[in-house]
Amino acid sequence: MAVSAEKEFAMDNDVISASEDEEGSDDERKHNKLLQAISSLGGKRRKNQTERSEASLQVSEFFVSAEGAGDKVGLSDLLGTVEKTTGATKTKKQLRNLQNRNETLELPLNKEQTEKIQRSVAYEKSTKEVTNWQSVVIQNQKAEQLVFPLNQEPSGPKRVEQVVAGWKAETPLEQEIFRLLHMNKQPLHDPVLTPVEEASLMAMSLEEATIRRAELQKARALQSYYEAKAKREKKIKSKKYHRIQKKAKRKEFVKQFEERMKTDPTGALEELKKMEMSRMEERMSLKHQNSGKWAKSKAIMAKYDDSARKAMQEQLQINKDLTQKIATLSDDEHETPEESEMVPDFVNDVEPITDPVNPWMRSRIPQEEPEISCVTPDKPQTSEEEEERNEEEELLADFQRRRTLRRTEDDDLIPTAAEEQIVNTCEVSREEVVGDGTVEISDSEEEEEEDVSQFNTLFKLMSSEKTHEGPAPTQDQQEDEEQLDEGQLRVRSMEDLEVLEEVSDPRPGTPAAPSMPQPTASDPLAKRSKREIDLSEVLTKEAKTIKVALTPTVVEDEEREEQISIIKEAFAGDDVISDFLIDKRKQEEAGRPKVVDLTLPGWGEWGGVGVKPSQHKRKRFRKKMAPPPSRQDQKLPDVIISEKRNSSIATHQVSHLPFPFQNATQFESCIRTPVGQTWNTQTAVKKMTMPKVVTTAGAIIEPLVKEDYIKDKSTKPMGKGPAILLNDKRGAKDGKPSDKHKGRDSHKRRRNKP
Amino acid sequence: MAALVEGAAKSAHVERKNQKKPVKRYWEKTEELKNSDQPTSDRSISTENTADRCTSTENTADGSTSTENTGSVKRRKGGQIPSGKKDPFPGEAPIPQEQLQKYQRGSKNNVPKGAQRRLKEAIAWSETVSELAQKQAARYDLLLPEDAGFLEGDEDEDTCRISQEDIADAVDITSGSKYFNLHLSQFGPYRLDYSRTGRHLLLSGKRGHVACIEWQSKNLTCEMNVMETVNDIKWLHTEAMFAVAQKKWLYIYDSEGIELHCVKKFNDVLKMQFLPYHFLLATASATGFLQYLDVSVGKEIAAICTKSGRLDVMSQNPYNAVIHLGHSNGTVSLWSPNQKEPLVKMLCHRGAIRSLTVDKTGTYMVTSGLDRKLKVYDVRAFKPLHSYFLPAGASCLSLSQKGLLSAATGDIVQVYQNVWGGSPVSKPYMAHRVRGQVWGLAYCPFEDVLGVGHGEGFTSMIVPGAGEPNFDALDTNPYRSAKQRQEWEVKALLEKVQPELIGLDPGQLGKVDQASFEQRHKERVDILGYDPLAKEKFKPKAKKKGRSSAGAIEKRKRKVAYEDQRDVIRQNVEEQMKRQKEKSSESQQLGKKSTLDRFRKQDK
């Protein structure tokens, strides 16, 4: 009240003062007039008529010109008198400032530029406005399906929950009830417990609390003990101690791993993966390769220092352990022949199948690979133990071997029985020995180097012998011999074939001796046969005889004919294979690009009959084409796969990658699922062929309403609010959104009217 | 009050425990029941398995709920509120992993890091859709309730010793009537073919007898003698038409026995195969030609000279519609109508190939040769899996829909189970002696029946577990009516696969053609016969007044010769010049710098 009164008072004052001022000025004027009138009454002086005249030096006869027309009118000229007058100091000051300022005002921008600026400002403004729609647009783009008109109420019966959710406390009585409930914090639905009760339930009893406290105490104490212990152990500098510790840890780990294999194979598999990972890392890094600075220094020292040598050995051992391949049980059958240059008979055999259900899951570990079988992850513990045991033995054996080797060297490097015996003893731990060998090389004792290499070759020889002996002739073969020599494994090498070709008459009559090609043979023929297919690889398959319950009784004339043809075919068998191989070779030759000879005889040198272009020139102008990608049937000796491209399907294929895809695999995997009804269920087809936009016929599609989609920061999100407002304490206050809703509705209605 | 609270607390505890306890699923119960039915020796293992599976399915279910978008979760919560009840089986019903695996198509594609929005969306959409398709298909497995039959002997009894009569006696009357013999001794050894639905049977005697039988009702639809040698007989796409390879030409008859066509382009046909989805009739002739006849338009699609003599061993791979031919030099060659040379040629036997067959999935091929061996090949990898030695050799081979192999040795038909399984087979599953030398063997689709054509007629024998128990009614419906057959024919014609799409990989169409431009251009030139992109040769205008003399023309030609090459050279020279300039300017700039410049403050 007081404030308003004051205001009124002030207003009144203002009004009064204004009117007073006006009245005052009026009064003065009147007063002056009055004075003038009085003075004029007294004298005869006539009232001076005020007239305007402009005095000038140049008087033109045509027009009136002002004095000093050429000069500029200064501010001082106009306001010269102001200086003299007292008062109005403020205006004076301003005027002075104006006078002192020398700058001229800038010209206003021309129309184009102002328009440009206006445009840019407008653009910014409108972009801001439009970017508000960005999220809505993206959402609509991302939507699986847009149904127009938007915001349609789904027709059909509603679910009970939806109906109930739409209910609001409307009548005053209901509102009263709910307010009461809210005030008392009573649960509205699921009336089980009030919050107070729940809180009391959550609280612990004294006993529980004490127990919990004790537990915590104990845990803390244990932790501190553990920490202290760890600290103590960390400070121990003894290497031996740490080594023992490490070993123990490893053992423990292995044990755990085994246990895990039994209990939870997936976990074990993960562990295995981890091991594989560590192996990979090791293989990638140069760690433990004895190539670092330290290792080099040690290598120098190793000659004199036993411990240094040992340290290096250890490093190498670690490397070996870590890079040891965990034997994977999936060796491709056809890859084995590449490994061993001489192919044993079982190469083309039927694979023994371990998994009876899936022939793809079968695998086999090649027999003559002791290194892998000895370090399989299946028995890492045993290998560890072995290693432990062997460490000392190995050292001893090492010394002994060296001694003997030295002795044999004296005997002109003739391997003695004793050496071989040692080799035999070392066979179990071959790789360790080999590892030692590599270390010894760094010893830079030439003799020892020689020894090691000799030893290695010996070992290789032995193993190769073993492989030769491996596939012994089976009883099936004998059976085959009974059966008209059909199944006889004809071992024939490419050399024989080539010889046959040279004769240009691959007669089956020329008996090919079942000879083993010598691995040390150095003639070009053997070299070529290395990369070519070995005849013995093809069709060497032991057939399993099937006992038939009933024996065929009918023997007709055809049967006899067949018998004859069988005999014929059996003897022609070799011919079939060599023919096939020749065919294959021809195909390969045809696929290989030819060397293009671009030499022009007579250019830059003499030409004519009998004059050949020089070697240099021919070499220079010979164009070698890039070798083609390896053939699909490279590893399949008894198969020829055509490398010709199927161009007929190319017309139906996609040749250019469509827009969003970055590579072909992405696109291919995106179209891998067929869309048609033949391959899918009805629902899946409907979903897959769903149109992006659906419109109802005859319905008006209105533009989007801004209020529906773009929320101002001031207003709360409307659609996201809880459906039931019963729980809401602000229920009564919350009038705004509903108001807004109404407003929007009315707005819509207005828009719909015209 | 305190007591009350305690009680409430207790109940709350109990409730919580109850919540933690996993919900008992209905399938768990059934599994247990099943286990109880099983013999005790197996029980321990199988229960473990089931437990594992259950946990795994639960896990997957949980995983799916967690990955589901929040909307559905909200919905579920919303569902809980009003009624207060909880869904005992939240989420969608889980699907066993095996079924899902069965319908998996390709591997999942992961969204690459830093991909554009559109790419992300495209990949995500395709993934959701294919997952949905897979799931739905797996769910609909419920609609395939039938199991394949089997034959089990008593202890110490070989199943191959059980005679057909015994089986026919043991089974129900309808099934028992499926074992029958037709004594047709007059017209020589018989070949046969069942229609795709398995209702109709075609018989053709070597000496011209052709019969068309609805074999289950023994209703003879047509019978005739073509008065000529008949080499082979095949149903076309429906049972309204069939093709007969006669002595000279190929004939097509309708089911009434009326001659519709005599295709004189196809002569001396020995063997035929019909590719149902391509409407192609492939024929192999004595002259060494492999020909394809499009039955829907009556056009010869391809005629390939195989250059390998008489072709009397033929089979088709139902997986990719590739034709397999067996040759006398022990090789099997694979052909498509699009290539004049074999797609693959593999050496299978030391002697000639007598018969070969490919299984339904296109994975395995079984061949038999004159060397009396029976070999099982993996046709995808072209590797041998097993080799068996049959004392008498197999003259005819046939594979059933479920993978039972039947081999005819002389007058004995042997059926083998699991020929490509883990361990090699040592004895047949069934054996049956017929009256004469076996000439034709075929399994009846969707029936446990093997048809044997031999010198003395035809024998239909029961082979339990041979046929596919669940048929696809939209594809081949054994019980379809005439109207349905007509409808199907129209649909099948609309969905006809073009012969260009035949190749080793039937999924080739879904792959991007990654041939280079040059390669494609070359092919185009080959097809068109000229280069459409080639530049026209410059032809100087004829001018008068002696300016069209040979020398002048040559001069004018010289002016425009090598224009494009010149352009290239010009461009190259310009570029070189530019580079040189840049280099020199750089060097100049470098030259200006003194050694002390390095101490100067770097201005940015």
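Lettering follows sequence order; numbering is per chain, from 1.
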- Message: Which atoms of A:E144 are under 4.5 Å from chain B, going by heavy atoms: the side chain, the backbone, both sets, or neither?
- Response: side chain

- If one checks every heavy atom of B:Q134 against chain A at 4.5 Å, the contacting part turns out to be neither

- Identify which part of B:S336 has an atom lying under 4.5 Å from any heavy atom of chain A, answering side chain, backbone, both or neither. neither

- Query: Between A:I138, A:V639, A:T665, A:N680, which shows the greatest number of heavy-atom pairs under 4.5 Å with chain B?
  - Reply: A:V639

- Message: How long is the straight-line distance from CG of B:L132 back to OG1 of A:T683, given to the nearest 0.5 Å?
- Response: 6.0 Å

- Scored by heavy-atom pairs under 4.5 Å with chain B, the best of A:Q682, A:Q677, A:Q141 is A:Q141

- Task: Give the minimum heavy-atom separation between B:A133 and A:A684, together with the two atoms involved.
- Result: CA-CB, 3.9 Å

- Cut-off 4.5 Å, heavy atoms of chain A, and the answer for B:L343 is backbone

- Query: Could you give all pairs that pass the salt bridge (charged side-chain N to carboxylate O under 4.0 Å, His left out) test and reach residues 336-347 of chain B, with sequence neighbours left out?
  - Reply: A:D583-B:K345

- Message: Below 4.5 Å, heavy-atom pairs only: which of A:M688, A:E643, A:R645 has the largest tally toward chain B?
- Response: A:R645

- Task: Check each atom of B:E523 against the heavy atoms of chain A and say whether the ones under 4.5 Å are side chain, backbone, both or neither.
- Result: side chain

- Message: To the nearest 0.5 Å, what is the distance between CD on A:Q666 and CG on B:L119?
- Response: 4.5 Å

- Query: So which heavy atom on A:R672 is nearest to which on B:K108, and how close?
  - Reply: NH2-CA, 4.2 Å

- Does one side chain, of B:E500 or A:T651, offer a donor that lies under 3.5 Å from an acceptor on the other? no

- List in chain and number order the residues that pass side-chain hydrogen bond (donor to acceptor under 3.5 Å, both in side chains) with B:E121, two or more places apart in sequence or in another chain; answer none if no residue qualifies. B:R117

- Task: Can you measure from CH2 (B:W125) to NZ (A:K142) and round to the nearest 0.5 angstrom?
- Result: 15.0 Å

- Item | Closest heavy-atom pair and its distance - A:Q662, B:P112 | OE1-CG, 3.9 Å

- Note on the structure: Tightest non-hydrogen contact, residues A:S669 and B:S126, listed as O-OG, 4.5 Å

- Task: Measure across A:T678 and B:E495 and return the closest heavy-atom pair with its distance rounded to 0.1 Å.
- Result: OG1-OE2, 3.3 Å

- Item | Largest heavy-atom contact set with chain B, pairs under 4.5 Å, which of A:N646, A:I671, A:T681 | A:T681

- Message: Looking at B:R105 and A:T673, would you say the former's side chain and the latter's main chain have a donor-acceptor pair under 3.5 Å?
- Response: no

- Message: Can you give me the closest heavy-atom contact between B:V512 and A:L657, atom names plus distance?
- Response: CG2-CD1, 4.1 Å

- Task: Examine whether an atom of B:I502 lies under 4.5 Å from a heavy atom of chain A, and if so say whether it belongs to the side chain, the backbone or both; otherwise answer neither.
- Result: backbone

- Would you check, one step at a time, whether the test side chain to side chain contact (heavy atoms under 4.5 Å, CB included) holds for A:I577 with B:L347? CA-CA 8 Å; A:I577 293 173; B:L347 184 61; 3.9 Å; yes

- Item | Interchain contact, B:T331 with chain A, by part (heavy-atom threshold 4.5 Å) | side chain

- Message: Between B:Q116 and A:F659, does the side chain to side chain contact (heavy atoms under 4.5 Å, CB included) criterion hold? Intermediate values first, please.
- Response: CA-CA 11 Å; B:Q116 291 171 337; A:F659 156 57; 4.3 Å; yes

- So which part of A:I641 gets closer than 4.5 Å to some heavy atom of chain B, the side chain, the backbone, both or neither? both

- Item | Step-by-step side chain to side chain contact (heavy atoms under 4.5 Å, CB included) determination, A:H652 to B:L501 | CA-CA 8 Å; A:H652 301 280; B:L501 304 184; 3.9 Å; yes

- Task: Pick one of side chain, backbone, both or neither for A:F667, based on which atoms fall under 4.5 Å of a heavy atom in chain B.
- Result: side chain

- Message: I'd like to know whether A:S642 forms a side chain to side chain contact (heavy atoms under 4.5 Å, CB included) with B:V344, so could you lay out the CA-CA distance, the side-chain angles of the two residues, the decisive distance to 0.1 Å, and finally the verdict.
- Response: CA-CA 6 Å; A:S642 164; B:V344 177; over 6 Å; no

- Please round to the nearest 0.5 Å and tell me the distance separating atom CG of A:D633 and atom CZ of B:F382. 9.5 Å

- Nearest 0.5 Å, what's the OG-CD distance between A:S655 and B:Q514? 11.0 Å

- Distance, nearest 0.5 Å, that separates NZ of A:K644 from CD of B:Q339: 5.5 Å

